[in-house]
Number of protein chains: 2
Amino acid sequence: MNASTSDFPTGSTRMSEQMSDALPPSEQHVRQYAAVRNAHETELLEDYVELIGDLLKYQGEARSTDIAARMGVSQATVSKTVTRLKSQGLVDSQPYRSLFLTEKGEAMAEMARRRHAIVLQFLRALGVSDGTARIDAEGMEHHVSRETLEVMERFTRERGRD
Amino acid sequence: MNASTSDFPTGSTRMSEQMSDALPPSEQHVRQYAAVRNAHETELLEDYVELIGDLLKYQGEARSTDIAARMGVSQATVSKTVTRLKSQGLVDSQPYRSLFLTEKGEAMAEMARRRHAIVLQFLRALGVSDGTARIDAEGMEHHVSRETLEVMERFTRERGRD
DNA sequence: ATACTATCTTAGCCATGGCTAACTTTTTTC
DNA sequence: GAAAAAAGTTAGCCATGGCTAAGATAGTAT
Ligand SMILES: [Mn+2]
Ligand SMILES: [Mn+2]
Ligand SMILES: [Mn+2]
Ligand SMILES: [Mn+2]
């Protein structure tokens, strides 16, 4: 249940690495953690609208059951989250009916889709296997800034084996 | 308050990218989301032990106040989280006293420290600016698999300007 | 020693994101 | 078109991770 603590490469720690481990200035440090908390606030909603958009596109319909099956959670959990999505004006639906994205939801889905694709393609271009790349990209995407995305895009374009 | 939905590069979407956006098989998709939920379970605890370790190392002591200041949260929040850290056997402390890491806490801190450093150095080696790299690394680190870490390490070693 | 200040804890509040169980509605089957 | 199955909702539970307000303890000055 607990994350393994010995699950990572044990390669040599070089001199030059030592320096970068000192504590950053407090204000910087605070910004780092705040950015993470911030990302976590919208993470799930982003994944939902992205998935709903994909289901609409590839299956013509987005049903709660499909979402529950894909996300690996119960239907009740999906129902509750959909209520939140509606209250945030991202999703539209009648009770017991299929789900749709609002304009705002479309926009968020489109952003998430693009961002996710950039990170996934980058990881593959780097040389990470497809399965691992998909898993890592799903979590990483929400923590990648615009600047880093641009660097990733350029890398994939220039050196990608995609 | 809501995440901006137009905050990302709008570069052209190439043909080859289109294919990779199709829905992955359901089981794979479930694994992706499960991995993210899993990472989020330990994420905060990892950052706490990492920070406590750094404070012990660089300031000789790890006080709740310092943690609260660095994390940008209230002391009450730190107190509550420390209770959890103790109940998981990661941290040791007497009431109103400084914090220490258990063996288990040390191990987790060491893992987190290494992983965090690898991701940070990788981003810098990629060409991301220091400030951005620090922010992105803080969130990304928890979602990077062993395989990807190894690829990042190799990249930094071979092409890094570090 | 007393008083002040800084630190830490506790209680109680809230939102999020899981779950199961019970119920309702819709869809399919016969 | 009735019965059965599938899909969706609601209620109520729990843990996490924030917060404020109030109180307790420790450390510093005077
Ligand atoms: Mn995701
Ligand atoms: Mn970290
Ligand atoms: Mn972190
Ligand atoms: Mn995360």
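Throughout, a chain's letter reflects where its sequence line sits, starting with A, and its residues are numbered from 1.
The ring-ring contact (aromatic ring centres under 6.0 Å, His included) test applied to F155(B) returns F155(A), F122(B), not counting sequence neighbours. E106(A) pairs by the side chain to side chain contact (heavy atoms under 4.5 Å, CB included) definition with L101(A), not counting sequence neighbours. Every residue two or more places apart in sequence or in another chain was checked for a side chain to side chain contact (heavy atoms under 4.5 Å, CB included) with P95(A), and none qualifies. Residues satisfying the side chain to side chain contact (heavy atoms under 4.5 Å, CB included) criterion with A69(A), sequence neighbours excluded, are absent altogether.
Pairs of residues two or more places apart, or lying in two chains, that qualify as side-chain hydrogen bond (donor to acceptor under 3.5 Å, both in side chains) and include a residue from residues 89-99 of chain B are K86(B)-S93(B).
Rounded to a whole Å, the NZ atom of K80(B) is 10 Å from the C1' atom of dC14(C). Per the geometry, CD belonging to E46(B) stands 15 Å off P belonging to dT16(D), to the nearest Å. Protein atom CD of E61(B) is 14 Å distant from nucleotide atom P of dA26(D), rounded to whole Å. Straight-line distance from the CG atom of L55(A) to the P atom of dA7(D): 14 Å, rounded to whole Å. Atoms CD (Q88(A)) and P (dT16(C)) sit 7 Å apart, rounded to a whole Å. The interatomic distance linking E41(A) (CD) with dC14(C) (P) rounds to 18 Å, in whole Å. As rounded to whole Å, 12 Å separates atom P of dG8(D) from atom NZ of K86(A). When rounded to the nearest whole Å, the span between CG of L99(A) and P of dT26(C) equals 15 Å.
Counting only heavy atoms from C-beta on, S74(A) has its side chain closest to dT20(C) among dG12(D), dT20(C), dC13(C).
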Pairs under 3.5 angstrom, nitrogen or oxygen only, protein versus nucleotides 4-8 of chain C, please.
from, atom 1, to, atom 2, distance (Å)
dC8(C), OP1, R63(B), NE, 2.7
dC8(C), OP1, R63(B), NH2, 2.9
dC8(C), OP2, S64(B), N, 3.4
dC8(C), OP2, T65(B), N, 2.6
dC8(C), OP2, T65(B), OG1, 2.4

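By the 4.0 Å N-to-carboxylate-O rule, R115(A) lies close enough to E141(A) to be salt-bridged with it.
Of the side-chain N and O atoms in T77(B), none sit less than 4.0 angstrom from OP1 or OP2 of dG18(D).
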